[in-house]
Amino acid sequence: MTSSEIRYRVGQAFDVHARSDDPDRVLVLGGIAFPGEVGLKGHSDADVIAHVCADALLSAAGLGDIGQMFPDTDPELAGADSVDLLRLAAEAVRESGWSPGNIDCSVVLDQPALAPVKFAMESKLSGAVGAPVSVTGRRTEGVGALGRGEGVVAWAVALVAR
């Protein structure tokens, strides 16, 4: 089978961001701000969910990763809205001849609870991608660095089709 005959591809991604020391940095996850919660370190808004979704999409389409497309050395991207970056990644996937099918993301953190905003996150992310995005929160039950709130981890898998 040649690469032009492949109808579906899958990409997976992992991302982790440490909590920020900046008391003014707001936590953003899945495009939703959590005022009063300690934000994450990063060049953009550090939305680990949007980042991992973009990485999975780009991987599925064979387009590298989010760091190649949106380098953290680009001053224009300082503080960028990561959902906008996800939208641009989805556009690049389409321009390369693939269509996003869906993305499934798992996020590991104990606080804040994602359940109250899960559907808002999924709606915002799905709108950016133009395909369904599901988000599932996982708890550490206080185990390890994540249980101590030192950071947030996310995994995602994306399907693209010709």
Side-chain angles (χ1 to χ4, degrees), residues 8-20 25-70 72 77 80-94 98-161:
Y8 300 98
R9 286 181 55 144
V10 174
Q12 69 176 23
F14 165 87
D15 199 10
V16 61
H17 284 259
R19 295 285 182 160
S20 175
R25 187 142 175 117
V26 175
L27 179 64
V28 178
L29 295 171
I32 305 297
F34 291 83
E37 293 287 339
V38 178
L40 301 174
K41 290 180 184 176
H43 185 64
S44 64
D45 62 9
D47 183 339
V48 68
I49 295 174
H51 290 182
V52 78
C53 288
D55 257 345
L57 265 183
L58 293 169
S59 173
L63 297 176
D65 61 42
I66 193 171
Q68 291 170 301
M69 186 169 277
F70 308 110
D72 62 6
L77 297 173
D81 180 329
S82 294
V83 173
D84 288 340
L85 301 180
L86 175 59
R87 182 176 291 105
L88 293 171
E91 288 173 13
V93 166
R94 284 186 179 84
W98 295 96
S99 294
N102 75 299
I103 302 173
D104 182 59
C105 178
S106 291
V107 186
V108 182
L109 75 165
D110 285 352
Q111 290 294 325
L114 301 184
V117 296
K118 172 185 167 60
F119 296 115
M121 275 184 193
E122 290 175 339
S123 177
K124 189 166 242 188
L125 296 165
S126 296
V129 173
V133 177
S134 57
V135 177
T136 306
R138 305 279 185 226
R139 295 177 45 86
T140 68
E141 305 301 333
V143 175
L146 295 176
R148 291 189 298 271
E150 294 176 21
V152 178
V153 169
W155 286 264
V157 63
L159 175 70
V160 297

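- Evaluation of the side-chain contact (heavy atoms from CB on, under 4.5 Å) rule for Ser106 yields Thr136, Arg138 as partners, not counting sequence neighbours.
- Val83 and Asp81 make their closest contact through N-OD1, 2.8 Å (heavy atoms, listed as atom of the first residue, atom of the second, distance).
- Ser134 pairs by the side-chain hydrogen bond (donor to acceptor under 3.5 Å, both in side chains) definition with Asp104, not counting sequence neighbours.
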Sequence neighbours left out, cut at 3.5 Å: what donor-acceptor pairs do the side chains of residues 142-159 make with other protein atoms?
residue : atom : partner : partner atom : Å
Arg148  : NE   : Glu150  : OE2          : 2.7
Arg148  : NH2  : Glu150  : OE2          : 3.2

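- The two residues Met69 and Leu58 have their closest heavy-atom pair at CE-CD2, 3.7 Å.
- Screening residues 127-150 for ring-ring contact (aromatic ring centres under 6.0 Å, His included), with sequence neighbours left out, gives no hits.
- Screening residues 106-134 for ring-ring contact (aromatic ring centres under 6.0 Å, His included), with sequence neighbours left out, gives no hits.
- Applying the salt bridge (charged side-chain N to carboxylate O under 4.0 Å, His left out) rule to pairs touching residues 26-46 yields nothing, sequence neighbours excluded.
- For residues 52-70, there are no side-chain hydrogen bond (donor to acceptor under 3.5 Å, both in side chains) pairs, not counting sequence neighbours.
- Tyr8 pairs by the ring pair (Phe, Tyr, Trp, His ring centres under 6.0 Å) definition with nothing, not counting sequence neighbours.
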Could you give the side-chain donor-acceptor pairs of residues 85-93 under 3.5 Å, partners two or more places apart or in another chain?
residue : atom : partner : partner atom : Å
Arg87   : NH1  : Asp84   : OD1          : 2.8

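- Counting only heavy atoms from C-beta outward, the side chains of Leu109 and Leu29 approach each other to under 4.5 Å.
- In this structure, Arg25 contributes its side chain and Ser20 its backbone to no donor-acceptor pair below 3.5 Å.
- Under the side-chain contact (heavy atoms from CB on, under 4.5 Å) test applied with Val48, the options Leu27, Val28, Asp15 reduce to a single match, Asp15.
- Checking side-chain atoms of Asp110 against main-chain N and O of Arg139 turns up no donor-acceptor pair under 3.5 Å.
- Listed by first and then second residue, the ring-ring contact (aromatic ring centres under 6.0 Å, His included) pairs involving residues 44-66 are His17-His51 (not counting sequence neighbours).
- Residues forming a salt bridge (Lys or Arg N to Asp or Glu O under 4.0 Å) with Glu122 (at least two apart in sequence, or on another chain): Lys118.
- Residues Leu114 and Ile32 are not in side-chain contact: their nearest non-hydrogen atoms beyond the backbone lie 4.5 Å or more apart.
- Across all their heavy atoms, Cys53 and Val133 have their closest contact at SG-CG1, 4.1 Å.
- You'll find the side chain of Leu63 stays beyond 4.5 Å of the side chain of Trp98, heavy atoms only.
- Legend: residues meeting side-chain hydrogen bond (donor to acceptor under 3.5 Å, both in side chains) with Ser99, ordered by chain and number and at least two apart, are absent.
- Of all non-hydrogen atoms in Phe34 and Ala113, the two that sit nearest each other are CE2-O, 4.1 Å.
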